[in-house]
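These notes are about the structure you will find just below.
Index from 1, following the sequence. These figures come from a predicted structure and were not determined experimentally.
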Amino acid sequence: SCTKDAGTDDASATADTACPVTFRLETEAAAGIAPLNEPSTRISRPILDLNFLVYNDGGLVRSGYMTSPMIPTMKLVPGTYRVYAVANFGRQLGPVSEEELLRLSAPVTAPEGFVQGDAMYLSGMLTLNVAGPTTGRIVLRRMAAKVDLTVRIADDFKDAYLVHVLPGNAPSTCAAFGENRLTAQGPQLEFPYADLTPGALRTFSTSYYQYENLAGSVGSITDPADRIDGKAPAMASYVSIRVRKDGALYDYKVYLGGNATTDFNVRRNTSYRYEIVIEGVNADDLRISSTEYIFWAGRKLSIGGRYYR
C-alpha cells in the first residue's frame with residue numbers, strides 16, 4: 001500500500017497517499033554502436049551524467065542531475081506521469097517546462113563530436129501509471145546512427161581509382177525526443193574532404209556517425225536504380241563517391257536508408273553497413289553523373305551493373 005509522503009512537492013502532495021516508485025535504467029542494444037575503433041564492450045558503461053524530469057498534467061513534479069547511471073527512488077501520488085531521461089549532456093538542465101524539454105537538441109560541430117569519452121548522447125521517455133508501488137523501465141537510445149561503408153571498384157572496371165567518398169545531408173543537430181529530420185534550412189554536418197587520388201585506391205572503408213534523419217519512404221520505388229535525385233526525398237542522407245578513369249571524373253550518388261528501394265530513413269541507435277561495388281559506367285544509370293555528387297543507401301549494392309540484395 002502507499003503511505004503519506006511528507007517530502008513530496010505541492011504537485012504531488014494534493015492526495016493523501018504517495019507510492020514508492022523505482023526505476024530500472026537500460027540502454028538499447030545496437031550492434032556496432034560504440035566509440036569508433038574501440039572495443040564494443042566499452043559501451044556497456046555509457047552514462048557519464050544523467051538528467052531526469054518527471055511531469056504530470058500539472059507540470060514538473062520531480063527533476064534531478066546524477067553523475068551515475070541511476071534515477072533515485074521517489075514517492076508519487078497515484079496518477080499518470082511522463083518521465084524523461086537524457087544522458088551525457090555534461091550539464092544540469094535545471095527545472096524546465098515539458099515544452100522546453102521537448103525542444104531540447106544536441107548540436108555537434110564536427111564528425112568526432114558524437115562521442116564524449118566513452119559515451120554518446122542518449123535519451124529515453126516513459127509514460128508511467130502509478131496506482132501503488134511501481135517500477136518503471138526506461139530505455140535510453142543513442143541519438144546518432146553509425147554508418148560502416150566499404151567501396152570497391154570491380155576487377156573488370158580497369159584503370160579506375162577512387163577520388164573521394166563523402167557523406168552528405170547529415171544533420172548537425174538532433175531532437176532528444178520525438179522524430180528528427182533534416183529540412184532545407186536545417187544545419188548540416190560538414191565532413192572533411194579527403195583526397196584519395198594520391199593512393200590510387202580501388203577499395204576504401206570508413207565509419208562515421210550521423211544524427212537521425214527521417215527523410216521518409218517512397219513506395220513507388222521498386223528498383224534500386226530509381227533511388228535518384230527527383231525521386232528520393234529532397235533532404236535524404238547520402239554518400240558521394242567520385243571515381244577517376246582515363247582522365248574523366250564520375251560521381252556516384254547512393255542514398256542511405258533502411259532498404260535498397262523504398263526506405264530513406266536513417267534512424268537513431270541503428271548501425272548501417274554498406275558494401276558498394278563500382279562495376280563500371282552505365283549511361284542508363286542515373287545515379288552516375290560527371291557533375292553531381294553521390295551518396296548511398298541500401299544493403300549490399302552494386303552500381304553500374306548487377307544489384308545484390
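Inter-residue side-chain proximity for S271 and D148 is flagged as met; some heavy-atom pair is nearer than 4.5 Å. In this structure, Q188 and M235 have side chains that are in contact, with non-hydrogen atoms separated by less than 4.5 Å. The shortest side-chain heavy-atom distance between D226 and V218 does not fall under the 4.5 Å cut-off. Side-chain contact check for P72 versus M70: some heavy-atom pair is nearer than 4.5 Å. When side chains are defined from C-beta on, P69 does not count as touching L50, because their heavy atoms never get closer than 4.5 Å. Here the side chains of P224 and T261 are in contact, with some heavy-atom distance below 4.5 Å. Counting only heavy atoms from C-beta outward, the side chains of L25 and I47 approach each other to under 4.5 Å. No side-chain heavy atom of R62 sits under 4.5 Å from any side-chain heavy atom of V83.
Between R152 atom CZ and T203 atom OG1 the span is 6.5 Å, to the nearest 0.5 Å. Taking CG of D159 as the reference point, atom CG of D246 lies at 6.0 Å (rounded to 0.5 Å). Note: E179 CD to C174 SG = 11.0 Å, rounded to the nearest 0.5 Å. Rounding to the nearest 0.5 Å gives a distance of 9.5 Å between SG of C19 and NZ of K75. For the atom pair N88 CG and L48 CG, the distance stands at 4.5 Å (nearest 0.5 Å). A distance of 8.5 Å separates OG1 of T134 from CG of L76, quoted to the nearest 0.5 Å.
Taking all atoms of both residues into account, the shortest heavy-atom contact from T150 to S205 is OG1-OG, 3.0 Å. What you find for F264 and A232 is that their closest heavy atoms are CE2-CB, 3.5 Å. In this structure, F177 and G124 approach most closely via the heavy-atom pair CE2-O, 3.3 Å. Closest non-hydrogen pair, V54 versus Y81, comes out as CG1-CD2, 3.9 Å. The two atoms that bring V163 and V243 nearest to each other are CG2-C, 4.1 Å, heavy atoms only. Across all non-hydrogen atoms, the minimal contact from L162 to I153 is N-CD1, 3.9 Å.
Not a single donor-acceptor pair under 3.5 Å links the side chain of D49 to the backbone N or O of M66. Using a distance-only test at 3.5 Å, with no hydrogens or angles considered, a donor-acceptor pair links the side chain of N180 to the main chain of E212. Side chain of R202 to main chain of A160: a donor-acceptor pair is present (N/O by atom type, distance under 3.5 Å, no hydrogens or angles). Between the side chain of N259 and the main chain of T262, a donor-acceptor pair closer than 3.5 Å is present. Using modelled atom types, one side-chain atom of R268 and one backbone atom of A176 make a donor-acceptor pair closer than 3.5 Å. Side-chain atoms of D223 come within 3.5 Å of backbone atoms of A225 as a donor-acceptor pair (strictly under, hydrogens ignored). Of the possible polar contacts, one joining the S237 side chain to the N169 backbone as a donor-acceptor pair under 3.5 Å is found.
Tracing side-chain contacts under 4.5 Å through hydrophobic residues (I, L, V, M, F, W, Y), one reaches L201 starting from Y274; they form part of the same cluster. Clustering ILVMFWY residues whenever any of their side-chain heavy atoms sit less than 4.5 angstrom apart, transitively, puts L60 in the very cluster that holds M125. Hydrophobic clustering (side-chain heavy atoms under 4.5 Å, transitive across Ile, Leu, Val, Met, Phe, Trp, Tyr) keeps L182 apart from L189. Taken together through direct or relayed side-chain contacts under 4.5 Å among Ile, Leu, Val, Met, Phe, Trp and Tyr, Y65 and F23 form parts of separate hydrophobic clusters.
F89 pairs by the ring-ring contact (aromatic ring centres under 6.0 Å, His included) definition with Y121, not counting sequence neighbours. Remark: F52 engages no residue in a ring-ring contact (aromatic ring centres under 6.0 Å, His included) (not counting sequence neighbours).
At a cut-off of 3.5 Å, with distance as the only test, a side-chain donor of T80 or N129 sits close to an acceptor on the other residue. Side-chain atoms of T22 and T135 form a donor-acceptor pair, as typed in the model, at a separation below 3.5 Å.
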Donor-acceptor contacts, no H, no angles, side chain residues 90-104, under 3.5 Å, sequence neighbours left out:
{"residue": "S97", "atom": "OG", "partner": "E100", "partner atom": "N", "Å": "3.1"}
{"residue": "S97", "atom": "OG", "partner": "E100", "partner atom": "OE1", "Å": "3.2"}
{"residue": "E98", "atom": "OE1", "partner": "R82", "partner atom": "NE", "Å": "3.3"}
{"residue": "E98", "atom": "OE1", "partner": "R82", "partner atom": "NH2", "Å": "3.1"}
{"residue": "E98", "atom": "OE2", "partner": "R82", "partner atom": "NE", "Å": "2.8"}
{"residue": "E98", "atom": "OE2", "partner": "Y84", "partner atom": "OH", "Å": "2.6"}
{"residue": "E100", "atom": "OE1", "partner": "S97", "partner atom": "N", "Å": "3.0"}

- Message: ring-ring contact (aromatic ring centres under 6.0 Å, His included), that's the test. Do Y211 and F114 meet it? Break it down for me.
- Response: CA-CA 9 Å; Y211 273 140; F114 291 97; 4.8 Å; yes
- Task: Please assess Y161 against T197 for the test side chain to side chain contact (heavy atoms under 4.5 Å, CB included), listing each intermediate value before the final yes or no.
- Result: CA-CA 7 Å; Y161 302 97; T197 304; over 6 Å; no
- Message: I'd like to know whether K146 forms a side chain to side chain contact (heavy atoms under 4.5 Å, CB included) with Y272, so could you lay out the CA-CA distance, the side-chain angles of the two residues, the decisive distance to 0.1 Å, and finally the verdict.
- Response: CA-CA 6 Å; K146 182 186 178 189; Y272 294 87; over 6 Å; no
- Message: Please determine whether side chain to side chain contact (heavy atoms under 4.5 Å, CB included) holds for the pair N213 and L256, giving the CA-CA distance in whole Å, both sets of side-chain angles, and the decisive distance to 0.1 Å.
- Response: CA-CA 10 Å; N213 185 16; L256 306 181; over 6 Å; no
- Determine, stepwise, if the pair I221 / R227 fulfils side chain to side chain contact (heavy atoms under 4.5 Å, CB included). CA-CA 7 Å; I221 296 179; R227 293 174 67 92; 4.2 Å; yes
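Atom CD of E26 has more than 12 heavy atoms from other residues, nucleotides or ligands within 6.0 Å.
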